[in-house]
Amino acid sequence: MGMRQCALAVTGTLLGGVLVLTGCTAPSSRQSPPPFAETRPSNLTAPHGAIIFEVQKSMVEGSQTLGTLLRQYSGKGPAVLHVPPLANGQKRLGFTVICSGSSQWTVSVDQVGPGGSSGTCSMKGGISTSYALPVPTKESIIKVAVAADADVWVTVYSTK
């Protein structure tokens with residue numbers, strides 16, 4: 001097993017352990033989001049938001065494309081996210097979405113044009129998609145359409 005595969009296996013094992021252990025203990029009354037997280041005030045009913053963000057982060061940083069985390073967002077219902085211009089050498093903007101309920105979600109990026117990505121809300125895993133930006137040095141606006149009562153977690157990243 002190569003060093004990278006071993007590291008991924010260890011990371012997966014640790015995340016699995018964290019998920020199992022957090023299911024057996026009461027959540028801390030004082031949870032602070034990671035320093036890069038951006039959240040809007042809401043009363044999220046789905047547990048373990050910090051774990052969801054950590055899983056999304058590992059999906060981005062552990063992928064073959066080695067994404068660079070730009071921001072993380074959690075809230076209830078639809079949202080509009082402003083993403084600053086990408087760093088030099090970065091040309092693709094991506095996102096991973098997890099949401100509660102059983103409705104559909106749709107994410108569009110202003111620079112890409114009409115359309116976007118969509119899926120069915122699920123707490124079992126997220127979908128990760130990226131798009132080549134025509135002008136990576138320009139701010140991007142990501143629109144997240146989801147049911148008004150759905151809790152949503154979005155991790156935004158960039159790649160080369």
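Computed from a predicted model, the values in this text were never measured in an experiment.
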Pair I141-V80, side chain to side chain contact (heavy atoms under 4.5 Å, CB included): steps then yes or no: CA-CA 7 Å; I141 298 173; V80 176; 3.5 Å; yes
Any donor-acceptor N/O pair, D151 side chain to K76 backbone, under 3.5 Å: no
Approximate separation, where rounding is to 0.5 Å, of L81 CG and I142 CD1: 5.5 Å
Listed once per pair and sorted, the side chain to side chain donor-acceptor pair (under 3.5 Å) pairs that draw on residues 139-150, sequence neighbours left out: Q111-S140
Polar contact flag, side-chain donor to acceptor under 3.5 angstrom, S130-Y157: no
Y131 and S117: CA distance, side-chain angles, deciding distance, side chain to side chain contact (heavy atoms under 4.5 Å, CB included) verdict: CA-CA 10 Å; Y131 294 99; S117 296; 2.6 Å; yes
Q72 vs V154 side-chain heavy atoms within contact, under 4.5 Å: no
Spatial distance of atom OG1 (T155) from atom CG (L70) [nearest 0.5 Å]: 10.5 Å
Point-to-point distance, once rounded to the nearest 0.5 Å, from OG1 of T137 to CG of L86: 8.5 Å
Nearest heavy atoms of A148 and P78, plus distance in Å: CA-CD, 4.2 Å
Nearest atoms (heavy-atom pairs only) where S100 meets A150: O-CB, 3.5 Å
Residues which pass side-chain contact (heavy atoms from CB on, under 4.5 Å) with T106, listed by chain and number, not counting sequence neighbours: S118, A145
R71 side chain vs P84 backbone, donor-acceptor pair below 3.5 Å: no
Value rounded to 0.5 Å, distance of SG in C99 from CD in Q104: 9.0 Å
Check against side chain to side chain contact (heavy atoms under 4.5 Å, CB included), L93 and V109: CA-CA 9 Å; L93 182 66; V109 179; 4.0 Å; yes
Side chain to side chain contact (heavy atoms under 4.5 Å, CB included) between K160 and Q90, intermediate numbers included: CA-CA 4 Å; K160 293 182 180 185; Q90 301 287 296; 3.5 Å; yes
Interatomic distance, W153 atom CH2 to Y73 atom OH [nearest 0.5 angstrom]: 11.0 Å
Minimum heavy-atom distance between V146 and C121, given as atom pair plus value: CG2-SG, 3.7 Å
